[in-house]
Amino acid sequence: MPVPALIVHGGAGDIPPAEHQDYLAGCRVAFETGWRLLERGQSALDAVEAAVREMEDNPTFDAGVGSVLNSEGEIELDAMIMDGAQLRLGAVAAVRGIANPVTLARRIMEESGHNILVGEGARQYAARIGLRLCSQAELTVPREVARYREFQQAAMRARKLALIGHDTVGAVAMDQFGNIAAATSTGGIAFKLPGRVGDSPLVGSGAYADNLSGGASATGHGEAIMRVLLSKTATDAVASGLTAQEAADRALQILRERVNGEGGLIVLDRHGNVGFAHNTPYMAVAWRGPEGVMHVTMQAERGRTGTR
Ligand code: ASP
């Protein structure tokens, strides 16, 4: 019988050291929430949805409450979930006023007969199935308002700031039946244009899951990530015989070498081994693999000192 495994991430980016403890605590709680379900015999889908919801509800991360603001000062959310048993997926893009887009993505997958809904249509679907809608104000935190003002001032002075958020959240799990699922949720990148869709809700880019190989969830600069299908590239690497860690390293190398992209990813193989890689200053990750020990780390880029 397969031993359950779970890995979650809270984004890869230039996470200020003063915020490291919040990221680590948020990843730990999300991990524990998902793990509890796996221990009780619930599905990998339940575990990744619950772990990601936990981080959507945590204002530390760029997902759900706490998301970055776009160039109009609004929040538009992207999310997806994928079931590796049947290669089913659900996703939402550029949706407004939803606290838990990962749950909307799952309901779309299971109930709508479609894979992806965007914008107002996604919000209407959420209302129709009784998910709680919320105002922009409920999702907006002072940290992001301050960041928005900085971008506005930079735009007025025609100065370019890096359009990067990188605190997207994600999870990949395997349950006791060997089913693998992956989920990713994000507010996207700061000061993005309204209607912009990143990698997170795009199958194979922001996430991928296939029981026959493994699963992955990505974070980083979506415009680059989607050009190399980062998550599918990683699971294909696992299918070709690489370990989860080798696959994460390989996918990241392709991101860097082919499109000069910045970001990170988590990978889980069908034996429950995990791996992760990033080329940003930091990446926050929590996991438990086949050896049965939980880890939480703020991984520093090679050559820098991390907070373990
Ligand atoms: N990948 C996300 C996007 O481009 C951003 C992030 O990872 O924080 O929308």
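One is the number of the first residue; the rest follow in order along the sequence. Any value given below was found using the heavy atoms of this structure, including those in side chains, with hydrogens, waters and symmetry copies removed. Each ligand, and each atom within it, is numbered from 1 in the order the structure gives.
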Judging by distance only, is a nitrogen or oxygen of [X] under 3.5 angstrom from one on ligand 1?
X      : answer
His221 : no
Ile225 : no
Thr168 : yes
Thr219 : yes

Exercise answer: donor-acceptor pairs, residues 193-209 side-chain atoms, under 3.5 Å, sequence neighbours excluded:
{"residue": "Arg196", "atom": "NE", "partner": "Glu223", "partner atom": "OE2", "Å": "2.9"}
{"residue": "Arg196", "atom": "NH2", "partner": "Glu223", "partner atom": "OE1", "Å": "2.7"}
{"residue": "Arg196", "atom": "NH2", "partner": "Glu223", "partner atom": "OE2", "Å": "3.3"}

Original post:
Does ligand 1 have an atom under 4.0 Å from some heavy atom of Arg196?
Top reply: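 Judged by the 4.0 Å heavy-atom criterion, Arg196 does count as contacting ligand 1.
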
Subject >> His20 and Tyr282 aromatic ring geometry - parallel, tilted or perpendicular at 30°/60° bounds >> reply: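 Judged by the thresholds at 30° and 60°, the geometry between Tyr282 and His20 is perpendicular.
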
Original post:
Mind checking whether Phe61 and Tyr23 have parallel, tilted or perpendicular rings, split at 30° and 60°?
Top reply: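 Rings of Phe61 and Tyr23: perpendicular, over 60°.
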
Subject >> Minimal non-hydrogen separation, Ala251 against Leu265, with atom names >> reply: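 Scanning both residues completely, I find the closest heavy atoms to be CB-CD1, 3.9 Å.
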
**OP:** Using a 4.0 Å heavy-atom threshold (strictly under), name the region of Met226 that reaches ligand 1: side chain, backbone, both or neither.
**Re:**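 None of Met226 does.
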
Subject >> Residue portion contacting ligand 1 (non-hydrogen atoms closer than 4.0 Å) for Asp167 >> reply: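 Under 4.0 Å from ligand 1, Asp167 contributes backbone atoms alone.
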
Original post:
For atom 5 (C) of ligand 1, which of Gly198, Gly222, Gly220, Gly13 has the closest heavy atom?
Top reply: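 The nearest heavy atom belongs to Gly220.
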
Original post:
So between Asp62, Asp199, Asp78, Leu265, whose heavy atom ends up nearest atom 3 (C) of ligand 1?
Top reply: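 Nearest heavy atom to atom 3 (C) of ligand 1 lies in Asp199.
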
Subject >> For Gly188, the ligand 1 atoms whose distance to one of its heavy atoms is below 4.0 Å >> reply: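 Per the distance check, 5 (C), 9 (O).
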
Original post:
Can you tell me if His278 uses its side chain to pair, donor with acceptor, with the backbone of Thr280 under 3.5 Å?
Top reply: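 Yes, the answer is positive, given that a donor and an acceptor are paired below the 3.5 Å cut-off.
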
Original post:
Does a side-chain N-to-carboxylate-O contact under 4.0 Å join Glu76 and Arg123?
Top reply: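 Salt bridge absent between Glu76 and Arg123.
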
Original post:
Is the closest basic N to carboxylate O distance between Arg36 and Glu39 below 4.0 Å?
Top reply: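 Here Arg36 does not pair with Glu39 in a salt bridge, since their nearest N and O are not under 4.0 Å apart.
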
